[in-house]
Amino acid sequence: MLRGFGARPARDGSERTSDPLPSLEGVIAHLRLLPPPPAAPGAGSGSCRGRSYDLLVIGGGSGGLACAKEAAQFGRKVAVMDYVEPSPQGTSWGLGGTCVNVGCIPKKLMHQAALLGSALKDAQHYGWNISQPVHHTWSVMAQGVQNYVKSLNWGHRVQLQEKKVKYFNIKGSFSDPHTVCGLTKAGKETVVTADNIVIATGGRPKYPMDVAGALEYGITSDDLFWLKESPGKTLVVGASYVSLECAGFLTGIGLDTTVMMRSVPLRGFDQQMASLVTEHMESYGTKFLKRCFPTKVEKLKSNRLQVTWKNADLDTEETDSFDTVMWAVGRAPDTKTLNLETVGVKTNSETGKIIVDASEATSVPHIYAVGDITEGRPELTPTAIAAGKLLAQRLFGQSSELMDYDNVPTTVFAPLEYGCVGLSEEAAVQRYGSDNIEVYHAFYKPLEFTVAERDATQCYMKMVCLREREQRILGLHFIGPNAGEVIQGFALGIKCGATYPQMMKTVGIHPTCAEEVTKLHITKRSGLDATVTGC
Amino acid sequence: VTAYMSKNSSYDASIVVATPSSKIEAAKYEKKVMVLDFVTPTPQGSSWGLGGTCVNVGCIPKKLMHQAALLGQALQDSRKFGWQFTEEVKHNWMTMTESVQNYIGSLNWGYRVALRDNKVTYENAYGEFVGPHTIKATNKKGIEKLYTAERFIIATGERPRYLGIPGDKEYCLSSDDLFSLPYCPGKTLVVGASYVALECAGFLAGLGLDVTVMVRSILLRGFDQDMANRIGEYMKEHGVNFIREFVPIKVEQVEEGTPGILKVTAKSTAGDQMIEGEYNTVLLAIGRDPCTRKIGLDKVGVNINEKTGKIPVNDEEQTNVSYIYAVGDILQDKLELTPVAIQAGRLLVRRLYAGATTKCDYVNVPTTVFTPLEYGACGYSEETAVEKFGEENIEVYHSHFWPLEWTVPSRDNNKCYAKIICNIQDNERVIGFHVLGPNAGEVTQGFAAAIKCGLTKEQLDNTVGIHPVCAEVCIQSHLKAHGILG
């Protein structure tokens with residue numbers, strides 16, 4: 001009986017197993033559950049053609065682990081190879097990939113630390129007597145976060161063991177389409193052969209190659225979450241969500257933080273929403289150097305870093321000193337040492353990412369790829385997990401279901417969170433023409449902000465719909481507290497082809513922020529004031 | 001006493017009270033509209049301004065005080081995230097209540113302005129029917145005026161019920177009094193098992209007070225009982241005392257004061273056992289009764305349910321008298337929720353004056369109970385789904401989860417829970433959604449919209465989660481074995 005993600009249980013009237021907690025669930029979700037009971041028996045059936053494994057997964061991150069564990073559910077012989085090349089600053093970590101170690105998890109926890117700082121301020125308005133001053137200690141937070149991440153590393157090791165997936169902590173490279181070899185840390189050569197290979201090595205932060213001192217003196221997100229001491233006065237270079245999220249929480253815990261952006265924030269996201277995010281950050285205390293780019297980083301005698309940059313608007317050169325400079329200028333796929341050329345796996349010449357088709361297949365038979373390494377896919381944990389699981393189900397479970405990359409919701413965890421699903425307004429205009437879309441929008445104030453006397457200027461939402469009769473929803477954008485929680489359910493609605501009238505028929509839950517979505521009625525076209533008033 | 005009647009005071013619609021939206025809606029269609037709103041003070045003397053229950057003694061102050069309690073927890077968590085401040089943190093009831101009341105005052109004011117801006121006549125007077133198409137409005141000073149209108153909408157809502165035992169009205173409070181109480185309630189006994197009882201008990205405990213809940217039988221009657229019990233368990237683990245299967249039979253004053261000391265005597269529902277306890281405050285939350293008995297409905301022939309006082313209406317909110325309509329908490333067999341009342345009121349007016357035909361959709365209305373561990377729900381409970389469709393025709397998917405934000409502070413690692421109920425015979429249509437966890441309302445709203453769009457399990461499975469948030473767990477839940485209810 002298949003109990004896969006999306007699979008149906010058998011309905012043949014036979015007695016159900018009494019196992020109330022089948023061992024299949026999303027990687028990240030179940031890491032926060034009690035450990036599931038041991039995997040179904042029958043693993044390790046061996047492969048044909050004398051190869052040691054049915055499936056070898058290179059890369060033990062979100063996509064790789066999900067794929068491996070799913071394949072093991074079908075009783076296949078599976079191995080995972082995971083290796084973390086230390087960052088230029090020397091930072092390394094355990095099994096679990098970017099999300100667990102240097103991405104989503106530590107990011108959200110540090111974001112939470114920053115939010116709690118605001119909560120402390122709010123609490124006083126709500127009657128809590130907290131003596132001033134209030135301090136934040138980086139090392140306490142870092143230790144709490146790092147300990148939790150390590151528990152996840154451990155949890156992953158245990159799960160692989162329970163599912164009888166072989167784990168190699170080695171850096172693999174292809175020697176032929178079915179053979180991967182590498183050296184263990186101790187220098188021992190290991191050769192692994194498999195019928196099917198999935199590449200899921202993800203990406204690593206880029207360094208700007210045209211800035212002197214960037215590599216020697218700067219850190220990236222790979223290092224930030226593992227710092228033992230506070231980064232102090234920090235310059236974050238970049239306009240990605242990584243940059244804004246990190247700068248956001250650093251500001252929130254009380255550090256002097258500056259973001260340097262060459263051009264627009266959150267490229268690829270709805271630009272009106274992106275501006276609201278950065279506007280909020282400015283009022284929150286993050287400094288912005290807009291239309292600036294760094295030219296060099298030097299170390300001062302005080303051990304501080306002196307950064308020199310060009311201001312494109314003023315055509316001037318400026319300089320300032322920081323304790324930490326963090327590069328958040330994009331991520332590059334981790335394919336250098338894989339030896340892809342040897343086996344003929346095609347990559348995109350510009351991005352370096354692996355080209356795959358709708359079934360995650362590369363240009364080489366029996367070699368697949370999932371996750372951040374793949375060209376044209378969202379760089380998100382849940383899509384990697386879903387794609388990895390579905391791939392395993394197609395390879396070993398007689399499924400033909402392909403991953404649906406449409407309408408994938410996401411959230412930017414800036415100090416004021418931004419959640420979205422579907423098309424940005426500009427993408428909708430481009431695709432359908434502005435006459436054919438209707439944008440409903442509203443500025444609202446979360447109830448909890450009222451007593452706390454918090455500014456809600458950037459709390460805003462908009463729904464982009466087709467204008468024709470049915471008014472299908474093309475995109476939903478929400479800035480406010482708990483944006484991810486708000487958007488998730490609506491993403492389901494959009495998957496069901498939700499229309500504007502259906503939203504209006506849905507009764508709101510009161511009092512929440514999300515209910516405002518079901519009450520949207522002012523269009524941009526009308527030009528009317530979109531501020532929500534009263535109850 | 002002056003009677004005042006003239007043709008000029010003839011209205012197209014006269015609305016006897018509360019939620020502002022419907023009145024403003026009617027005024028949009030250039031109808032002459034009047035609103036009569038009056039708050040009879042509680043036995044303790046509490047009263048409030050325009051806006052009705054939600055604004056003054058319901059949703060709004062409740063959520064704000066719930067937020068105050070959540071912030072207390074946040075303070076504790078923040079230490080683990082590196083924040084440092086003195087060990088001892090105390091809560092000041094007056095600071096909180098003053099802020100809350102100030103905000104409510106601004107809402108009362110906002111409604112007065114909105115009515116004025118939309119040219120709706122507002123009278124702070126008690127309305128009652130005296131004859132066909134005629135209503136008498138009596139203000140605080142006892143001055144009476146008569147008004148006529150083509151149509152009437154009754155929206156008088158409800159007030160908390162009293163026990164009918166010695167000392168209840170003299171010494172006990174209700175939710176009508178709690179949110180404006182000018183002193184800290186202290187050690188509190190909450191009588192009841194409604195969401196009002198549990199939400200109030202929850203935030204009072206969260207603010208550091210000694211709280212006991214006295215429950216006659218089950219918690220949250222009408223809600224999914226497995227979820228209700230989990231809520232109760234969580235509250236118990238977090239310091240709320242529960243006395244189960246007892247009802248108070250008398251309340252006596254031991255000491256006067258703000259607060260004073262009250263002695264409560266209670267009898268077991270299962271036998272003859274009697275218990276006594278002393279509390280600073282006794283809060284009654286045993287139910288609410290519609291304000292329909294004293295508004296002259298008999299004079300115009302409007303039928304009410306004699307037992308409950310609720311008004312039966314058709315699916316267009318029309319009573320048995322063709323020109324009299326009703327919306328909100330007073331309706332029989334409808335949900336007692338602000339958004340439902342607003343929606344019903346708005347759509348009613350559009351049907352009356354704008355030629356619209358859309359009726360209020362009362363199916364799959366989502367709701368949230370703002371207990372310390374919040375509970376969001378939409379659709380069938382597990383037991384009603386089993387009852388309606390048969391156990392073999394429903395599939396339940398569920399999952400516990402641990403919010404990421406609770407990991408570092410190491411708390412409550414297996415308490416949050418999500419459950420999705422599907423109808424196998426209808427393409428595994430999602431017919432029930434239940435989530436217990438932080439921000440349950442924010443999570444549930446979107447799922448309710450999806451359910452309105454006919455969400456099936458397959459569509460759920462095909463939707464990608466947002467990571468890392470609590471809501472994503474709801475699309476990742478796994479199969480619950482049959483035969484195991486609750």
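All chains are named by letter (A, B, ...) in the order of the sequence lines, taking the proteins before the strands, and each is independently numbered beginning at 1.
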Quiz prompt | Part of M110(A) within contact of chain B (heavy atom distance under 4.5 Å) | solution = neither

Practice problem: Under 4.5 Å heavy-atom distance to chain B, tell me which part of V134(A) shows up: side chain, backbone, both or neither. | Solution: both

Exercise. Could you look at I451(B) and say if it's the side chain, the backbone, both or neither that has a heavy atom under 4.5 Å from chain A?
Key: neither

Quiz item: Which bit of T86(B) comes within less than 4.5 Å of chain A, counting heavy atoms only: side chain, backbone, both or neither?
Solution: both

Quiz prompt | Lys/Arg N to Asp/Glu carboxylate O, K108(A) vs E405(B), below 4.0 Å | solution = yes

Quiz prompt | chain B contact via T518(A) - which portion, at a heavy-atom distance below 4.5 Å | solution = side chain

Self-check item: Segment of Q143(A) engaging chain B (4.5 angstrom heavy-atom cut-off)
Solution: neither

Exercise. Side chain from CB out, backbone as N, CA, C, O: work out which of these in F433(B) comes under 4.5 Å of a heavy atom of chain A, or both, or neither.
Key: neither

Exercise. Report the option among C513(A), A119(A), P511(A), A491(A) that has the most heavy-atom pairs separated by less than 4.5 Å from atoms of chain B.
Key: P511(A)

Quiz item: At a heavy-atom separation under 4.5 Å, does K452(B) approach chain A through its side chain, its backbone, both, or neither?
Solution: both

Quiz item: Does any heavy atom of chain B fall under 4.5 Å from the side chain of F413(A), the backbone, both, or neither of them?
Solution: side chain

Quiz prompt | S78(B) side, atom OG; Q112(A) side, atom CD - distance, nearest 0.5 Å | solution = 10.0 Å

Practice problem: Measure H125(A) against the heavy atoms of chain B and call it side chain, backbone, both or neither at under 4.5 Å. | Solution: backbone

Quiz item: So which of G144(A), A123(A), P409(A) has the biggest tally of heavy-atom pairs under 4.5 Å with chain B?
Solution: P409(A)

Quiz prompt | Portion of I487(A) that has a non-hydrogen atom of chain B nearer than 4.5 angstrom | solution = both

Exercise. Against chain A, label Q459(B) side chain, backbone, both or neither, depending on which of its atoms sit under 4.5 Å from a heavy atom there.
Key: both

Quiz item: Based on non-hydrogen pairs under 4.5 Å, which of N129(A), T411(A), V140(A), N147(A) is most in contact with chain B?
Solution: N129(A)

Exercise. Give the member of K505(A), M503(A), H111(A) that has the highest number of heavy-atom pairs under 4.5 Å with chain B.
Key: K505(A)

Quiz item: Picking from C496(A), G127(A), A113(A), G493(A), which has the most non-hydrogen pairs under 4.5 angstrom with chain B?
Solution: G127(A)

Exercise. Find the one option among T450(A), V486(A), D404(A) whose heavy-atom pairs under 4.5 Å with chain B are most numerous.
Key: T450(A)

Practice problem: Give a yes or no on whether the backbone of E448(A) and the side-chain of R454(A) come within a donor-acceptor separation of less than 3.5 Å. | Solution: no

